[in-house]
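Data block below; observations after.
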Amino acid sequence: MQVNLIKQIGDRHLFELLRGSFVALFFKAIGVVSIFLFMYVVSQIYGSDGYGLYSILWAILVFGSVVAKIGFDSSIVKFIAGFYAKKNFKFIKRIYKKGLSWITIIGVAVGIIICLLSKQFSVYFFESDEYADLVVFVGFLVLPFSILNYNAETLKGLKNITAFSLFQNGPILIITLMMMGGFVYFRKMPADIMYSLGGAILVLVPISFILLRYNFRKKFCVGAGHAKKFPLTNKSILKTTMPMLYAGSLFYIMGWTDTLMISANMSNADVGIYNAALKIATISSTILVAVNSIAMPKYAELVERNDYLLFRNFVKQTSLLILLISAPFFVMIFAFPTFMLNIFAPDYVLGREALLILACGHFFSAVSGSTIHLLNMTGKEKIARNILLVSALINVVLNYLLIPKFGITGAAIATASTTILWNALAVYFIYRQFGFLTLPFKVKVRK
């Protein structure tokens with residue numbers, strides 16, 4: 001009787017994973033198409049230089065946003081799942097408001113700092129202060145972009161994957177392209193890419209608040225919970241969010257060290273070529289991101305309920321789903337690397353070797369399954385932070401040594417190597433903590 005009950009519950013979680021993953025994958029597919037369409041249009045109008053300029057400014061914006069959110073974009077999913085599991089529904093809206101207050105204060109501070117250092121950023125990345133005004137514009141975007149990300153993650157925690165997907169890169173880039181059309185009609189200046197991006201963010205922020213308000217009313221956040229007093233102090237909240245901030249910052253360092261170091265040592269065109277290869281390489285791990293949007297709150301919920309058998313089965317199911325969908329994309333990249341790069345611009349073919357190397361790293365990430373996110377959602381944030389810290393330091397050293405010698409191929413070697421490293425370490429520590437491997441197939445491990 002108990003086995004049948006477990007099977008029924010497990011099937012329900014699998015059904016939620018498949019149903020939610022289908023929705024997430026649908027929007028992720030739109031996002032991938034949007035990214036490549038955006039890359040194609042920008043490359044055709046502004047060349048690899050224009051795309052390189054956008055990539056560097058986008059990196060500054062993302063870093064500012066990571067700091068401004070101080071880990072709340074990840075922890076809000078965990079907090080919501082915990083309150084939901086204990087049926088303390090009334091606290092969900094309260095923790096959201098606390099996070100929003102912190103993000104607003106820190107987002108303003110980060111934006112001001114970027115504006116004050118705009119000339120220094122411009123000189124370091126572009127070797128002149130020509131783009132200082134654009135860096136200032138990026139500083140103004142930090143707060144609204146951070147809030148947009150935070151609202152999207154809150155919707156994910158509330159399991160509204162459709163709404164969550166509306167605020168990912170795909171819709172942002174589609175609106176950006178529409179706004180760029182107006183600029184191109186009158187002029188063709190690379191700076192207009194960022195102005196259009198800023199317009200897209202400002203359009204989506206109020207929409208995200210409207211959808212959040214609707215979800216709070218529709219679901220359960222107004223209802224009474226079992227606990228009478230809000231159980232989290234500011235200290236306990238920051239104890240959860242800060243390791244996630246560190247993890248997010250380290251993810252950023254690993255994700256953008258290559259781009260930023262290429263910009264410091266090579267031309268904007270090289271940055272554009274490398275980022276084109278990087279975007280194509282990430283196709284095989286896009287499924288990982290989509291499935292994680294469903295799996296993250298489920299990990300936290302199952303561990304909160306101490307359902308470790310279901311937790312293990314769900315992790316294995318998630319990993320298998322990721323592998324089955326990722327493998328064909330990996331094969332496609334290896335079969336047609338030159339063709340895929342040549343679609344966007346002839347000079348992008350120079351990134352062929354980098355593309356193949358990066359694809360290997362991202363495919364290993366897909367095979368490993370949900371690793372860092374699993375640790376973050378199950379109370380092992382410090383382990384995730386330490387893994388990423390070691391990997392980020394190695395990533396910086398490898399990029400520093402390899403880029404001057406091998407150019408963008410060296411950057412690809414550094415990035416792929418550290419991607420494999422942090423995934424392997426995470427798989428190992430998950431085994432140590434929970435007694436199973438996240439890999440989607442059986443592996444005999446000597447104890």
I'd like to know whether OH of Tyr124 has more than 12 heavy-atom contacts from other residues, nucleotides or ligands below 6.0 angstrom. no

Could you go through the side-chain hydrogen bond (donor to acceptor under 3.5 Å, both in side chains) check for Ser267 and Asp270 one step at a time? CA-CA 5 Å; Ser267 67; Asp270 291 307; 2.9 Å; yes

Under 3.5 Å, side chain of Ser319 to main-chain N/O of Leu439, donor-acceptor pair present? no

Whether Asn265 side chain and Met261 backbone form a donor-acceptor pair below 3.5 Å: yes

Ala366 to Ser326 - nearest heavy-atom pair and separation: CB-OG, 3.6 Å

Does a side-chain heavy-atom distance below 4.5 Å link Ile408 with Ile403? no

Do Leu61 and Val66 come close enough that some side-chain heavy atom pair is under 4.5 Å? no

Do Leu177 and Leu173 have side chains that approach each other closer than 4.5 Å (heavy atoms only, starting at C-beta)? no

Quick check: Phe36 with Phe344 (ring centres under 6.0 Å apart)? yes

Looking only at non-hydrogen atoms, find the nearest pair between Val42 and Gly50 and report the distance. CG1-C, 4.2 Å

Side chains of Asp192 and Met179, heavy atoms from C-beta outward: is any pair under 4.5 Å? no

Parallel, tilted or perpendicular for Phe363 and Phe330, by the 30°/60° rule? parallel

Does the ring-ring contact (aromatic ring centres under 6.0 Å, His included) test come out yes or no for Tyr54 and Phe38, once each step is laid out? CA-CA 11 Å; Tyr54 158 78; Phe38 179 80; 4.9 Å; yes

Do Ile147 and Phe209 come close enough that some side-chain heavy atom pair is under 4.5 Å? yes

Give, for atom CG of Leu350 and atom CG of Leu341, the distance between the pair rounded to the nearest 0.5 Å. 9.0 Å

Below 6.0 angstrom between ring centroids: does that apply to Tyr46 and Tyr51? no

Taking atom types as modelled, is there a side-chain donor on Thr371 or Asn423 under 3.5 Å from an acceptor on the other? yes

If you draw a 6.0 Å radius around CZ in Phe121, do more than 12 non-hydrogen atoms from other residues or ligands fall strictly inside? yes

Heavy-atom pair with the smallest gap, counting every atom of Ile262 and Ala411: CD1-CB, 3.7 Å

Rounded to the nearest 0.5 Å, what separates atom CZ in Phe364 from atom OG1 in Thr419? 10.0 Å

Atom OG1 in Thr415, atom CG in Leu278: separation rounded to 0.5 Å? 7.0 Å

Whether Phe145 and Trp58 hold their rings parallel, tilted or perpendicular, with breakpoints at 30° and 60°: perpendicular

Looking at every non-hydrogen atom in both residues, tell me the closest pair between Ala200 and Ile172 and how far apart they are. CB-O, 3.5 Å

If we count only N and O atoms by modelled type, under 3.5 Å, do the side chains of Tyr348 and Ser43 hold a donor and an acceptor together? yes

Which heavy-atom pair separates Asp347 from Ser48 by the least distance, and what is that distance? OD2-OG, 3.1 Å

Atom pair CG/OG1 of Leu393 and Thr418 - distance to nearest 0.5 Å: 11.0 Å

Going through the checks in order, is the side-chain contact (heavy atoms from CB on, under 4.5 Å) test met by Ile333 and Leu358? CA-CA 10 Å; Ile333 290 171; Leu358 290 166; over 6 Å; no

Please determine whether the number of non-hydrogen atoms from other residues, nucleotides or ligands lying under 6.0 Å from atom CZ of Phe434 exceeds 12. yes

Given side chains that start at C-beta, do those of Val390 and Asn386 come closer than 4.5 Å, heavy atoms only? no

Would you say Asn399's side chain and Asn395's backbone share a donor-acceptor pair under 3.5 angstrom? yes

Hey, mind stepping through Phe126 and Asn268 against side-chain contact (heavy atoms from CB on, under 4.5 Å) and telling me if it holds? CA-CA 8 Å; Phe126 306 110; Asn268 284 353; 3.9 Å; yes

Given side-chain contact (heavy atoms from CB on, under 4.5 Å), test Asn275 with Met39 step by step and report yes or no. CA-CA 9 Å; Asn275 270 272; Met39 188 164 63; over 6 Å; no

Near-ring test Tyr150/Tyr96, centroid separation under 6.0 angstrom: yes

Where the side chain of Ser118 meets the backbone of Cys115, is there a donor-acceptor pair that is under 3.5 Å apart? yes

So, taking the atom named CG in Asp258 and the one named CG in Leu260, what distance separates them when rounded to the nearest 0.5 Å? 8.0 Å

Should we count OH of Tyr40 as having more than 12 external heavy atoms under 6.0 Å? no

Side-chain H-bond candidate by donor/acceptor type, Asn151 with Thr154, under 3.5 Å: no

As an exercise, state the distance from CD1 of Ile357 to CZ of Phe406, rounded to the nearest 0.5 Å. 10.0 Å

Would you sort out whether Phe137 and Tyr195 count as a ring-ring contact (aromatic ring centres under 6.0 Å, His included), showing the intermediate values? CA-CA 8 Å; Phe137 183 71; Tyr195 295 143; 5.1 Å; yes

Residues Lys316, Leu320; criterion side-chain contact (heavy atoms from CB on, under 4.5 Å); working and verdict: CA-CA 6 Å; Lys316 289 284 188 180; Leu320 181 59; over 6 Å; no

Does the side chain of Val271 reach to within under 4.5 Å of the side chain of Met266, using non-hydrogen atoms? no

Heavy-atom pair with the smallest gap, counting every atom of Pro144 and Val205: O-CG2, 3.4 Å

Side-chain contact, heavy-atom cut-off 4.5 Å: Leu398 with Ile413? no

For Phe336, look at atom CZ and say whether over 12 heavy atoms of other residues, nucleotides or ligands are found less than 6.0 Å away. no

